[in-house]
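To keep things clear, I will list the structure first and then write my remarks on it.
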Amino acid sequence: MKVVAVFGSPHENGASARIARKVLEGAKAAGHEIVEYHLNVMNLRGCQACGVCKREKVDCIQPDDLKPYWQDLHECGALVLAAPNYCSQVCGPMITYMNRHYCLITAEGVRVHPGIKLVGVFSQGAKERYESAEKAYDWFLHDFQNRDMVLHAKIVHTGADPLDADSPILRQAYEAGNTL
């Protein structure tokens with residue numbers, strides 16, 4: 001199975017990226033193919049409301065680095081989304097990326113195969129999980145669930161969670177990937 005991972009952090013070794021890589025390590029150990037997209041180094045535009053996707057029932061036509069992603073999305077069995085929390089919300093590049101999925105919903109229904117397993121990885125500096133951040137993570141994931149994707153795991157790292165080699169959160173991440 002193809003597993004597509006989208007990294008939203010500008011920090012290659014930030015907490016969300018490290019945890020997501022552990023998810024991918026578990027997926028790779030289970031024999032899955034991995035494809036990665038790192039939004040911080042991509043030319044990424046927001047939805048331009050051009051309407052072509054709705055009129056012609058096609059994936060987003062914006063000429064940017066997300067072009068190959070659409071084919072990978074249609075072929076994948078799992079989607080791993082990794083984002084830090086900035087100002088009690090999923091980081092901006094991930095919201096821009098999320099909005100681009102507008103093209104997948106038409107009057108006839110969703111244009112991506114149902115049942116793609118969804119793994120959300122979020123990190124925050126606050127030492128405890130708090131309601132406003134949880135609502136933001138759930139809101140973000142719900143947009144993908146509205147496209148017939150199925151939540152497999154939601155992993156939230158806080159400033160109190162260690163990220164050493166044997167930390168519980170990294171074990172949880174590996175297991176999430178290994179059971180895709």
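Within a 6.0 Å radius of CD in Glu134, more than 12 heavy atoms belonging to other residues, nucleotides or ligands are found. At most 12 heavy atoms of other shown residues, nucleotides or ligands fall within 6.0 angstrom of atom OH in Tyr102. Annotation: Gln71, atom CD; neighbour count of heavy atoms from other residues, nucleotides and ligands within 6.0 Å does not exceed 12. For Lys28, the NZ atom sits in a loose shell: 12 or fewer heavy atoms of surrounding residues, nucleotides or ligands are nearer than 6.0 Å. His113 NE2: more than 12 foreign heavy atoms inside a 6.0 Å radius.
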Subject >> Worked verdict on Ile19 versus Tyr174 for side chain to side chain contact (heavy atoms under 4.5 Å, CB included) >> reply: CA-CA 8 Å; Ile19 295 164; Tyr174 182 90; over 6 Å; no
**OP:** Apply the test side chain to side chain contact (heavy atoms under 4.5 Å, CB included) to residues Leu79 and Lys117: give CA-CA distance (whole Å), side-chain angles for both, the deciding distance (0.1 Å), then the verdict.
**Re:** CA-CA 6 Å; Leu79 180 62; Lys117 294 179 182 179; over 6 Å; no
Original post:
Yes or no on side chain to side chain contact (heavy atoms under 4.5 Å, CB included) for Asn178 and Val23, after CA distance, side-chain angles and deciding distance?
Top reply: CA-CA 7 Å; Asn178 196 251; Val23 172; over 6 Å; no
**OP:** Walk me through it: do Ile169 and Ile155 pass the test side chain to side chain contact (heavy atoms under 4.5 Å, CB included)?
**Re:** CA-CA 8 Å; Ile169 201 160; Ile155 302 167; 3.6 Å; yes
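Between Phe144 and His101, a ring centre-to-centre spacing shorter than 6.0 Å is recorded.
Nearest heavy-atom pair across Ser123 and Ala15 is CB-CB, 3.7 Å. Across Phe7 and Ala17, no two heavy atoms sit closer than the pair CE2-O, 3.7 Å. In plain terms, the two heavy atoms of Thr106 and Lys54 that are nearest each other are N-NZ, 4.4 Å. The heavy-atom pair separating Ala136 from Gln89 by the smallest distance is CB-OE1, 3.4 Å.
No side-chain heavy atom of Cys60 sits under 4.5 Å from any side-chain heavy atom of Cys53. Inter-residue side-chain proximity for Asp164 and Leu170 is flagged as unmet; no heavy-atom pair is nearer than 4.5 Å. Inter-residue side-chain proximity for Glu12 and His38 is flagged as unmet; no heavy-atom pair is nearer than 4.5 Å. Residues Val80 and Val6 are not in side-chain contact: their nearest non-hydrogen atoms beyond the backbone lie 4.5 Å or more apart. Counting heavy atoms from C-beta outward, Cys76 and Ile116 have side chains that approach closer than 4.5 Å. Contact check for Asp72 versus Glu36: no side-chain heavy atoms found under the 4.5 Å cut-off. The closest side-chain heavy-atom distance from Val112 to Asp148 is not below 4.5 Å. The closest side-chain heavy-atom distance from Val3 to Val35 is not below 4.5 Å.
Distance check: His32 NE2 to Ile34 CD1 gives 7.5 Å after rounding to the nearest 0.5 Å. With rounding to the nearest 0.5 angstrom, the NE2 atom of His157 is 10.0 Å from the OG atom of Ser16. Within the model, atoms CG of Asn85 and OG of Ser132 stand 7.5 Å from one another, a figure rounded to the nearest 0.5 Å.
When hydrophobic clusters are built by joining Ile, Leu, Val, Met, Phe, Trp and Tyr residues whose side-chain heavy atoms come closer than 4.5 Å, directly or via intermediates, Ile95 is not grouped with Val119. Residues Val4 and Val121 do not share a hydrophobic cluster, defined by chaining ILVMFWY side chains whose heavy atoms lie under 4.5 Å apart. Criterion: ILVMFWY side-chain heavy atoms under 4.5 Å apart, direct or through other members. Under it, Met94 and Leu66 are part of a common hydrophobic cluster. Both Tyr137 and Met98 are part of a single hydrophobic cluster, where members link through side-chain heavy atoms under 4.5 Å apart. In this structure, Phe122 is not a member of the same hydrophobic cluster as Leu163, with clusters built from ILVMFWY side-chain heavy atoms closer than 4.5 Å.
Under the 4.0 Å criterion applied to side-chain N and carboxylate O atoms, Asp138 and Lys154 are assigned as salt-bridge partners. Salt bridge status for Glu131 with Lys135: present, with a side-chain N to carboxylate O gap under 4.0 Å. Using a 4.0 Å cut-off between charged nitrogen and carboxylate oxygen, Asp59 and Lys67 do not count as a salt-bridge pair.
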Residues 39-49, side-chain donor-acceptor partners within the protein, below 3.5 Å, at least two apart:
from	atom 1	to	atom 2	distance (Å)
Arg45	NH1	Gln62	OE1	3.2
Arg45	NH2	Gln48	OE1	3.2
Gln48	NE2	Gly46	O	2.8

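Judged by distance alone, the side chains of Asp161 and Thr158 do bring a donor and an acceptor atom under 3.5 Å apart. Looking at Thr179 and His152, their side chains do bring a donor and an acceptor atom within 3.5 Å of each other.
Between Tyr69 and Tyr37, the angle of the ring planes goes over 60°, which puts this pair in the perpendicular group of the 30/60° scheme.
The side-chain hydrogen bond (donor to acceptor under 3.5 Å, both in side chains) search around Arg171 returns Asp166, not counting sequence neighbours. Contacts of Glu128 classified as salt bridge (Lys or Arg N to Asp or Glu O under 4.0 Å), with partners at least two apart in sequence or in another chain: none.
Between the side chain of Arg100 and the main chain of Thr96, no donor-acceptor pair closer than 3.5 Å is present. The main-chain N or O of Pro162 is found under 3.5 Å from a side-chain atom of Ser167 such that the two form a donor-acceptor pair.
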